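I have placed the structure first, in the form of structure tokens, so that the comments after it can refer back to it.
Computed from a predicted model, the values in this text were never measured in an experiment. In the text below, chain A, chain B and the rest are named by the order of the sequence lines, each starting its count at 1.
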Number of protein chains: 2
Amino acid sequence: MKSVKIPSITIYRLSVYARNLAYLDKKNVEVISSEHLADICGINPAQIRKDLAYFGEFGVRGVGYYVKDLLYQLQKILRQDRQWHLGLIGVGNLGAALLQHTHFLKQGYVFVAAFEKDEQKIGKRVGNIIISDIRNLEDVTKKTGMEIGVIATGRSSAQEIVDRLVDAGIKGILNFAPIQLQVPENVFIEYVDFTIKLDVLCYRISSNERERSKLNSIFPKAGSNDKKY
Amino acid sequence: MKSVKIPSITIYRLSVYARNLAYLDKKNVEVISSEHLADICGINPAQIRKDLAYFGEFGVRGVGYYVKDLLYQLQKILRQDRQWHLGLIGVGNLGAALLQHTHFLKQGYVFVAAFEKDEQKIGKRVGNIIISDIRNLEDVTKKTGMEIGVIATGRSSAQEIVDRLVDAGIKGILNFAPIQLQVPENVFIEYVDFTIKLDVLCYRISSNERERSKLNSIFPKAGSNDKKY
DNA sequence: TAGATTGTTAATCGATTAACAATC
DNA sequence: TAGATTGTTAATCGATTAACAATC
């Protein structure tokens, strides 16, 4: 009865596997070992086998995994075997780019609505979508069968929008706004935050340089002996 | 000599703390406890104190942290106390949105160049940047003092571009292309991948529904007894 | 001083990986 | 059968958190 709680990071990797299997399939690769797939994904092969074991046995011992078959199984697990209806809130530069992001469509994600508070933008078309008034959020959400809200507003309005989406019955939120949001436990939220990733990058570069200049002052020349990878 | 390796996730959280401290400072909050800050960031208070302890003692026992002071210290650690020069490769919908992303500027990130292979786009202006020919990547990188490459191309060209950026001396890459990239060990890379996040979201929604319908068939009504959070 | 909150240790928790029996 | 690779266990590694002495 009590099923094992599967970690988010495992699901994340499943999606990486599926993506790369789709690529291999397109290249007409028919069979792949966990070791080779691990190479492509930048992951440990035991990790892959462990991740898959949460859901069943998909491989053939001594052989590996049939690409088409494993891909099919993963798509079923991830519910990539159907369309998902997205709604965008906040049609700024980023929001507009997401509306026109063709990669989503290939993956089964379709925007069915977009919302703005800016009167100038309401009624305009971006991609295939006519922008709605944010005041009609609840109505349009229900009419269009929106299932997932994509938040591309600023920090200040994000929580209020989330509350309204939750009340309207939305079960998932992809948040691009730089703020931690509150949702009830049967609603799920994922954060996309590239400013933080830039911060991490800059820290790593700086601390690497600090490290090197320290080494250089002790062993002059040592740091300049760069190897190719 | 051998300094403790600080986990990426700690740096990630440091950036979250800094962001929220900046917000608190703007609201004229002067002192904050780890418990309250933890609330805002959606993190355990012991976690915050542990993360900070990697870098020093920034608080006052019995009091908490002075917002302005801690913010200043974090910005110094993260090297947010200077400008960073970004270069964009691939000016599609997403790339163009990033070029015009005003939030970056506030954080000290400035695009100094953008590159395309599409002749139609070369020479056009987006935001403050004139798009360069990708063939001049190495030249323009050096001339503009580009430090970080932001990859917003498709999967197929990403690795080749990374190799050229690395040869041109770039030390950090923010990658939006859906592919695992190879870099030498003194070059750092961060991935932004919102399609995967959508996949995780859909899995969570689906598995939650599967769970609920299972419960409902055993204890009818149980699932409909929704509590507010 | 009494109350509060930090900095830090030690315990807990969870995720990764090596190793190998099972088996194609 | 011999060789290869999975599925799974057990060991390792690392991150989170509770607890509390230090101290403002």
Side-chain angles (χ1 to χ4, degrees), chain A residues 2-17 20-21 24 29-71 73-74 77 180 196 200 203-204, chain B residues 2-17 20-21 24 29-71 73-74 77 180 196 200 203-204:
Chain A
K2 187 77 201 162
S3 55
V4 189
K5 164 60 162 121
I6 294 152
S8 267
I9 186 91
T10 286
I11 306 303
Y12 187 97
R13 283 189 301 251
L14 250 41
S15 170
V16 173
Y17 306 153
N20 284 291
L21 286 164
L24 288 165
V29 177
E30 298 194 345
V31 179
I32 194 163
S33 66
S34 60
E35 192 175 341
H36 189 191
L37 183 58
D39 262 3
I40 296 171
C41 301
I43 282 173
N44 178 297
Q47 185 79 267
I48 294 186
R49 301 200 297 273
K50 188 98 205 276
D51 285 339
L52 296 177
Y54 282 111
F55 298 94
E57 304 192 2
F58 304 112
V60 183
R61 291 171 198 225
V63 176
Y65 300 89
Y66 289 101
V67 172
K68 264 191 208 308
D69 177 54
L70 183 55
L71 175 57
Q73 299 290 345
L74 289 180
I77 292 167
Q180 177 74 19
I196 295 188
V200 173
Y203 172 82
R204 288 253 165 263
Chain B
K2 187 77 203 167
S3 56
V4 189
K5 168 47 165 132
I6 294 152
S8 266
I9 186 90
T10 286
I11 306 303
Y12 187 96
R13 284 189 301 252
L14 250 40
S15 171
V16 173
Y17 307 153
N20 285 290
L21 286 165
L24 288 164
V29 178
E30 296 194 347
V31 180
I32 194 161
S33 66
S34 59
E35 193 173 342
H36 189 191
L37 184 58
D39 263 3
I40 297 171
C41 300
I43 282 172
N44 178 296
Q47 184 79 266
I48 295 186
R49 301 200 296 274
K50 188 99 206 276
D51 284 339
L52 295 177
Y54 282 112
F55 298 93
E57 303 192 2
F58 305 112
V60 184
R61 290 170 198 227
V63 177
Y65 301 89
Y66 290 100
V67 171
K68 265 191 209 305
D69 178 53
L70 183 55
L71 175 57
Q73 299 291 344
L74 289 180
I77 292 167
Q180 177 72 20
I196 295 188
V200 173
Y203 171 82
R204 287 252 164 266

Item to complete: Can you see which heavy atom on A/Arg204 is nearest to which on B/Pro7, and at what distance?
Response: NH2-C, 3.8 Å
Worksheet item: Whole-Å distance between D/dT6 P and A/Ile32 CD1?
Response: 10 Å
Worksheet item: Between D/dG14 atom C1' and B/Asp51 atom CG, what is the distance in whole Å?
Response: 14 Å
Worksheet item: Which nucleotide in the set C/dA21, D/dT17, D/dC24 lies at the smallest distance from any side-chain heavy atom of B/Arg61?
Response: D/dC24
Discussion item. Does the structure show a Watson-Crick or G-U wobble partner for D/dT17, both distances under 3.5 Å? Name it, or say none.
Written reply: C/dA10
Practice prompt. Using Watson-Crick or G-U wobble geometry with both distances below 3.5 Å, tell me the partner of C/dT23, or none.
Written response: D/dA4
Discussion item. Can you measure A/Ile48 atom CD1 to C/dA18 atom C1' for me and round it to whole angstrom units?
Written reply: 16 Å
Discussion item. If you only use heavy atoms from C-beta on, which nucleotide in C/dG7, D/dT17, D/dT8 is closest to the side chain of A/Lys50?
Written reply: D/dT8
Worksheet item: Taking the side chain of A/Arg49 as heavy atoms from C-beta outward, which of D/dG7, C/dA15, C/dT16 is closest to it?
Response: D/dG7
Item to complete: Report the nucleotide, chosen from D/dA18, C/dA15, D/dT16, that has the shortest atom-to-atom distance to any side-chain atom of B/Gln47.
Response: D/dT16
Item to complete: Would you kindly give the CD-to-C1' distance between A/Glu57 and C/dC24, to the nearest whole Å?
Response: 12 Å
Item to complete: Evaluate side chain to side chain contact (heavy atoms under 4.5 Å, CB included) for A/Arg49 paired with A/Tyr65, printing each intermediate quantity in order.
Response: CA-CA 10 Å; A/Arg49 301 200 297 273; A/Tyr65 300 89; 3.6 Å; yes
Discussion item. Rounded to whole Å, how long is the line connecting atom CG of B/Leu37 with atom C1' of C/dA4?
Written reply: 17 Å
Worksheet entry | Interatomic distance where OH belongs to A/Tyr65 and C1' belongs to D/dT5 [whole Å] | 8 Å
Discussion item. Among B/Ile32, B/Asn20, B/Val31, exactly one meets side chain to side chain contact (heavy atoms under 4.5 Å, CB included) together with B/Val67. Which residue is that?
Written reply: B/Ile32
Worksheet item: B/Phe58 or A/Ile43: which one's nearest nucleotide on DNA chain C is closer to the 5' end?
Response: B/Phe58
Worksheet entry | Nearest listed nucleotide, side chain of B/Pro7, among D/dA18, D/dA15, D/dT5 | D/dA15
Fill in: Test log, rule side chain to side chain contact (heavy atoms under 4.5 Å, CB included), inputs A/Ile6 and A/Asp51
CA-CA 9 Å; A/Ile6 294 152; A/Asp51 285 339; over 6 Å; no
Worksheet item: Which is true for A/Pro45 with a 4.0 Å heavy-atom rule: it touches a base, it touches only sugar-phosphate, or it touches nothing?
Response: nothing
Response to the item:
To the nearest angstrom, the OH-P distance between B/Tyr12 and D/dG14 comes to 22 Å
Worksheet item: Is the number of heavy atoms from other residues, nucleotides or ligands under 6.0 Å of B/Tyr66 OH greater than 12?
Response: no
Worksheet item: Within this structure, what is the CD-to-P distance between B/Glu35 and C/dT6, rounded to whole angstrom?
Response: 9 Å
Discussion item. Mind checking if B/Ser34 touches a base, just sugar-phosphate, or nothing, with heavy atoms under 4.0 Å?
Written reply: sugar-phosphate
